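Below, chains carry the letters A, B, ... as their sequence lines are ordered, and counting in each starts from 1. The model shown is predicted, which means the values in this text are computed figures rather than measured ones.
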Amino acid sequence: MHGKTVAGSVCLKPGTKMADTSETLKNVVLNDKHVAAGGRMVPFGGYSLPVQYEGIVAEHKWTREHAGLFDVSHMGPSFLELNEKTGDEDADHAAIAALVEPIVCGDIARLKPGQIRYTLLLNQDGGILDDLMIARSPRFAGTLYIVVNAATKEADFAMISGAAGDKAKFTRADDGALLALQGPEAVDVMATIIPEAADLGFMHYGSWEWNGTRLMIARSGYTGEDGFEILVPSAFAGTLWDKLVGDERVRPAGLGARDSLRLEAGLPLYGHDLDETVSPVEADLGFALSKRRREAADFPGASRILAERDNGPSRARVGLFVEGAPAREGAEIADTEGNIIGTVTSGGFSPSLGKAIALAFVPPEFSAPGTKLLAIVRGRSQPAEVTPTPFVPHRYFRKPA
Amino acid sequence: MTIRYTEDHEYVRQDGTTGTVGISDYAQSQLGDIVFVELPNVGASFSKGDEIAVVESVKAASEIYAPVSGTISAVNDALSGSPDLVNSDPMGEGWLIKMSIDDAGELDGLMDEAAYTDHIA
């Protein structure tokens, strides 16, 4: 029996692959907590991380119904702070935004204090180098909080600090722990630790004193549920972990559930659904192209991206329901006559829906919801149908106006 | 009846000339929640080591190999509706296929319970 996996691996032969690679893997600050909680540690993004504790389906469902706690310390939190501040908060923000806007497509200048924006690092051809979060500090003028993906961390950090040049100080903050508390009960749990954080709007963050340290808490996540992502210094990470999992509404959840939750939420995963050849328009991330930036056409690859926006891209990311076996990354997609027209970039089993779902790229003429297609799994054609994403509705917190 | 195991964690329970094949309890625990099982057609013949089935967990598709050579005499139809039987009762109701064994001598090359226990230790 041999396993193939998308992210993380199932190793059935003791003493083979995993032992060979583990020496070069970095441990996260909370490694001992994961092992003690029964976490099955696997290599991911250069780190040893828990793919599951009690089981992916149980952790997935618990997160949808209560609150799951994920260690995402492999990701890349960082800060960019203007060197020469004027003392005028808005002028300082405009100055720091002007440093990073040339490498992303988002409107960073118009962020309000504490506001977070999902944006994309682009190359000159309009391909996506990474998807990331950029936020305006609610406390410090001319300061951005930036969180990038693990696998692209070093390149992203080099690109951001390069864009800043000698005008801003770049500081990586990936030596602590980054925890994601996700699920409908996350807000009630958060309120027991930092009551003020429970009042954060979706895609906003703040920082608060806790237990002799300072927590940075963002109302954001990667599951489609309400929730928080918390940056905590390493010396305090264990205490925070214990406090959170000590709440009966919270259970630890691994990378496996993180992947199945984000897939149900229709959220792309960099390195799988997104890469340096894929444009924001192809990836159905048009919302990340801010209006001001489109009108100015002042982001990398603007000519291609704006042309695709006007005339349509040559391929489009779609959601698929697949009958039968899951169609996983790399599976080919055919039209109903059997002509190969596309490829699955993420696929698996949806624990919430009890059936196979996938993200795939197909020509735009096959991207309308309801379009019948075929997914080729182990040489067999299985019926598939284009469906709108998210597969499972998002339940983000919307602050009453 | 004897049970033999492969290094790849399939088991075969011999009952006369019939072998019932599945995956070990260790294997199901390593794979996690089984969500789909693909089984061969009754009547198909396989040589030892051929791929006979695929067991899919949430994250992974794992190929199952014939522990011995033979012809498929039955498949576990219950798994199409309840693939989780492989998790809850891998050695019992979660069996995958039954095959008529071509050469019982091939069983001698597989591990017995004690050897397998050492193998996964």
Side-chain angles (χ1 to χ4, degrees), chain A residues 1-16 18 38 40 42 44 50-61 254-261 263-264 322-331 346-357 377-380 382, chain B residues 5-12 21-41 48-67 79-84 86-88 90 94 96-97 110-111 116-121:
Chain A
M1 167 165 150
H2 281 267
K4 291 176 194 157
T5 63
V6 178
S9 68
V10 176
C11 182
L12 288 172
K13 293 184 176 178
T16 56
M18 286 169 75
R40 184 174 300 160
V42 301
F44 186 79
V51 66
Q52 65 166 69
Y53 303 84
E54 58 177 317
I56 293 173
V57 171
E59 292 160 28
H60 179 114
K61 291 183 172 173
L255 291 175
R258 181 169 157 84
D259 192 51
S260 55
L261 287 159
L263 183 58
E264 285 184 351
V322 177
E323 282 182 34
R328 299 183 190 272
E329 183 177 6
S346 284
F349 179 81
S350 161
S352 300
L353 303 174
K355 56 182 171 180
I357 58 175
V377 179
R378 294 184 285 275
R380 270 205 301 273
Q382 300 177 185
Chain B
Y5 295 86
T6 71
E7 291 192 349
D8 293 333
H9 311 283
E10 293 93 4
Y11 70 81
V12 52
V21 177
I23 66 171
S24 69
D25 186 58
Y26 172 81
Q28 73 76 21
S29 74
Q30 290 294 301
L31 287 175
D33 305 293
I34 304 298
V35 296
F36 189 86
V37 179
E38 189 170 296
L39 297 171
N41 293 324
K48 177 179 176 169
D50 286 351
E51 181 185 321
I52 50 169
V54 177
V55 171
E56 302 222 20
S57 67
V58 178
K59 291 205 74 63
S62 297
E63 294 139 12
I64 307 301
Y65 301 108
L79 298 181
S80 63
S82 302
D84 54 311
V86 178
N87 291 118
S88 58
L96 301 178
I97 57 107
L110 302 177
M111 289 177 276
Y116 182 69
T117 303
D118 283 348
H119 176 65
I120 59 176

How close do [X] and [Y] get, heavy atom to heavy atom, and via which atoms?
X: Val57(A); Y: Asp33(B); answer: N-OD2, 2.9 Å
X: Gly324(A); Y: Phe36(B); answer: C-CE1, 3.4 Å
X: Ser57(B); Y: Arg328(A); answer: O-NH2, 2.7 Å
X: Val35(B); Y: Phe349(A); answer: CG1-CD2, 3.2 Å

Task: Between NZ on residue Lys59(B) and CD1 on residue Ile56(A), distance to nearest 0.5 Å - done: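 Spacing of NZ (Lys59(B)) from CD1 (Ile56(A)) equals 5.5 Å.
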Task: Heavy atoms of other groups near Lys61(A) NZ, more than 12 under 6.0 Å - done: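 No, because the 6.0 Å sphere around NZ of Lys61(A) holds 12 heavy atoms or fewer from other groups.
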Task: Donor-acceptor contact present, side-chain Arg378(A) to main-chain Val54(B), <3.5 Å - done: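 Side chain of Arg378(A) to backbone of Val54(B), a donor-acceptor pair under 3.5 Å: no, none is there.
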TODO: May I ask you to test the Arg40(A)-Gln30(B) pair for a side-chain heavy-atom distance under 4.5 Å?
DONE: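 Side chain of Arg40(A) against side chain of Gln30(B), heavy atoms only: contact under 4.5 Å found.
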Open item on the list: Could you work out, with side-chain contact (heavy atoms from CB on, under 4.5 Å) as the rule, every residue matching Ala58(A), not counting sequence neighbours?
Closed with: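 Ala58(A): side-chain contact (heavy atoms from CB on, under 4.5 Å) contacts with Glu54(A).
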TODO: Under 4.5 Å, counting heavy-atom pairs only, tell me which of Gly256(A), Ser260(A), Gly55(A), Pro326(A) racks up the most with chain B.
DONE: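 Heavy-atom pairs under 4.5 Å are most numerous for Pro326(A).
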